[in-house]
Amino acid sequence: MKLADLQKIAEQEVDFQRAYKYRINVCCSSGCMPLGALKVLEAFEKAVKEFGVEKECKVARTGCPGTCSVGPVVVVEPGDYLYQNVTPEKAREIVRDHIVLGLPAKDLLYSNEQFFKKQKRLVLRNAGKIDPYRIQDYIAMGGYSALVKCLATMTPQGVIYEVMTSGLRGRGGAGFPTGQKWSLVARAHGSPKYIVANLDEGDPGVFANRTLAEADPHAILEGMAIAAFAVGAEKGYIYIRAEYPLAIQTLQRAITQARSMSLLGNNILETSFKFDVELRLGAGAFVAGEETAILASVEGRRAMPRPRPPYPANSGLWGKPTLIQNVETLANIPLIIMNGGLWFSKIGTPKCTGTKCFSLTGKVNTPGLIEVPMGITLREVIFDIGGGVQKDRKFKAVLVGGPSGGCIPETHIDQPIDYESLKNLGAIMGSGGIVVLDDQSCMVDTAKFFTEFCVDESCGKCTPCRVGLTKIKGIYDAITQGNGRMEDITVLEKTSVYIRDASLCGLGQTAPNPVLTTLRYFKDEYIQHIKDKKCPAGRCFKTKEGEQ
Amino acid sequence: MSKEDNRRMLLEKALKEYDFQASALLEILHKAQSIYGYLSKDLLMDIAQSLHLPPSTVFGVATFYSFFNLTKPGEHIVTGCLGTACYVKGSEQIMQAIEREFNVKRGGTTADGKLSLFVTRCIGACALSPAIIVDDEVIGKATKEVVIERIKQLLGGSNQ
């Protein structure tokens, strides 16, 4: 495969797609599948045949356009008509009205323009538009041309320079400058070098990486190949949660296809560059998302972190230099190469460039997967994109950053979303979870829930995390059962600070965030629980038989 | 060929596929669990010998990761998602209702071996929360009535 061949495939595919007047994209990702997406897909295929329009209307199986709350969803092109809650019966109706008569079936359309208005889809550029099982679909959208550009016209240093110029920072949560990391690995001594793509999306309430893998797997592979070219790696692993069977299957297919077109393997695009990718399955350990723990897990050991230095850039997998990058970060790379680092640096805020995918869930009217420019406010995300709080209840707090994130009250939701602002509020970017809570949620119970999660997931290696979190959990049990004492608040605060400052890895260091933020913004609820033995939201003090 | 021989052959195939490399331990455990349904002590010993690893290492890894089952699960498996989004939407209450209705504790199996109840921390179906998985079917926007009805159907079916 050469550059010319790739262009030929792209042209052929574009011609092939142009031959159809309409294209019906049926979302078949994990969000819509349980709601019967495959039956809807079948119904569309049957309906276009029934009405004799199969020559002008292509039915495609695609990934997720993001509106997971109204699935199964279907998008009809041209015009991006989004149909919601589609059933096999409605599928026939849509074909009859929209394709045959040319009149979009208005009453079935998703009418919420607000959901998309403030979004900017870069990472999710192809999500819901291409068939993830067909590499040709990706190539037709300009896929793999960034890899071609790197191999044909750029040096590894040139690639790193572009990534540095872009200002891109790691999307796994910590926000380390990507270009800088690449430069460290490129300069590190040792061979072979490795790349580990992190798809161990362990934060409960987050599904952005999964959606990306299910909708556009080649964007991840292309990003990995470009990174490999830049840092001099020959082998890459994608570490993915076993809980994501569809994403695993989609990626596995994509790897096989890329290999067969010599976009992975030896002599990529007839150059001397070689790089191959293998999947590694996680097995349900939240701590495995930590960068030294993920290495242990890829090597087949218990996912326990180790102290740094040495950093993985110098001593990673089997002691060799290793680049660890979240898949969302990697999916940005092809765009940066094609459009230039400078172009990317103008999106978002000066210190925090580009976009971020968020999983918007909880008590919000339109939950789903969104991608927004950095610097947008939480209020815009919750009230404009998310349509506000469900059933017109009162907004209480928003959890940002997963179980080790923070609970932010309404007074602070006009802050822009970027790594620094969130940190100042006591939260973290994490892997991009936004969970909205209404007045039925108890903040003490919420903090207790996260603490229990972190107790379960603590690997037990270092004492502050293992013992400290268990102690905190005990205090929460006492408070929520009516045995709290006022001095517990001080103990919670002090223990949290110890855990944060003394833990070995990111899990322990951030685990007290929910405790500290709820104490900071909702101390009155703790006092009500302790002094009045009352839970304003009515969640706590339940007997075993009691129910919400 | 007996069922047992057949399973052993599949495991052998997986071991060969990964070239008996110790670094593929997690992959092998995944394969073994999908073949046998759970990881028994004998099976773990077998894997340890095949990969030339100390049994303690294999046992250590198998117990570290929550995805691996070390005891035989029931005929039907119900898994409740207790991820943040599902918890906020009330999955804990559904879990409690299942526990009461079928007299089973989370992580355990009913006395007749028909039903196991497990907990998962997020399957990524957060926009469908609360989500409960009954055998392989994901029930989105679940209520305790729907879930209990579905489980009753399954259990009833297996009696016939």
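Each chain gets a letter, A, B and so on, in the order the sequences are listed, and its residues count up from 1.
For chain A, the nearby part of B:Thr63 is the side chain; its heavy atoms alone come within less than 4.5 Å. Heavy-atom distances place no part of A:Leu360 under 4.5 Å from chain B, backbone and side chain included. For A:Val435, the part sitting under 4.5 Å from any heavy atom of chain B is the side chain, from C-beta outward, and nothing else. A:Leu369 does not touch chain B: none of its heavy atoms, backbone or side chain, sits under 4.5 Å away. If you measure heavy-atom distances from A:Arg241 to chain B, the contacts under 4.5 Å come from the side chain alone. Using a 4.5 Å cut-off between heavy atoms, A:Val298 touches chain B through its backbone atoms (N, CA, C, O) alone.
Of the listed residues (A:Gly284, A:Ala303, A:Ser441), the one with the most heavy-atom contacts under 4.5 Å to chain B is A:Ala303. The residue among B:Val138, B:Ile28, B:Leu25 with the most heavy atom pairs within less than 4.5 Å of chain A is B:Val138. If you tally non-hydrogen atom pairs under 4.5 Å between each of A:Ala208, A:Ser29, A:Cys68 and chain B, the highest count goes to A:Cys68. By number of non-hydrogen pairs under 4.5 angstrom with chain A, the leading residue of B:Ala125, B:Cys126, B:Ala85, B:Gly83 is B:Cys126. Interface check for chain B: of the options A:Gln390, A:Arg302, A:Glu201, A:Met33, the most heavy-atom pairs under 4.5 Å are formed by A:Arg302. Put simply, of A:Gly31, A:Pro34, A:Pro367, A:Gly282, the one with the most heavy-atom pairs under 4.5 Å next to chain B is A:Pro34.
A:Glu328 places a side-chain N or O within 3.5 Å of a backbone atom of A:Cys357 that can act as its donor or acceptor partner. Using a distance-only test at 3.5 Å, with no hydrogens or angles considered, no donor-acceptor pair links the side chain of B:Gln21 to the main chain of B:Ala24.
With no hydrogens or angles considered, a side-chain donor-acceptor pair links B:Tyr65 and A:Ser297 at under 3.5 Å. A:Thr67 and A:Gln84 share no side-chain donor-acceptor pair at under 3.5 Å. For B:Asp112 and B:Thr110, the side-chain atoms include at least one donor-acceptor pair closer than 3.5 Å.
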Go through the steps to decide whether B:Tyr87 and A:Asp445 satisfy the test side chain to side chain donor-acceptor pair (under 3.5 Å), and finish with yes or no. CA-CA 11 Å; B:Tyr87 183 78; A:Asp445 180 62; 3.0 Å; yes
Run A:Phe286 and A:Phe453 through ring-ring contact (aromatic ring centres under 6.0 Å, His included) and show every step you take. CA-CA 9 Å; A:Phe286 177 62; A:Phe453 177 85; 5.0 Å; yes
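We find the CG-OG distance between B:Leu11 and B:Ser50 to be 6.5 Å, quoted to the nearest 0.5 Å.
In summary, B:Arg106 and B:Glu99 engage in a salt bridge, as defined by a charged side-chain N under 4.0 Å from a carboxylate O. The residues B:Arg8 and B:Glu12 are annotated as salt-bridged, a charged nitrogen and a carboxylate oxygen being separated by less than 4.0 angstrom.
Tested against A:Pro403 for a side-chain contact (heavy atoms from CB on, under 4.5 Å), the candidates A:Thr510, A:Asp203, A:Asn513 yield a single pass: A:Asp203.
Taking non-hydrogen atoms and a 4.5 Å limit, the residue list of residues 244-251 of chain A in contact with chain B, ordered by number, reads A:Tyr244.
The distance between the ring centers of B:His30 and B:Phe68 falls below 6.0 angstrom.
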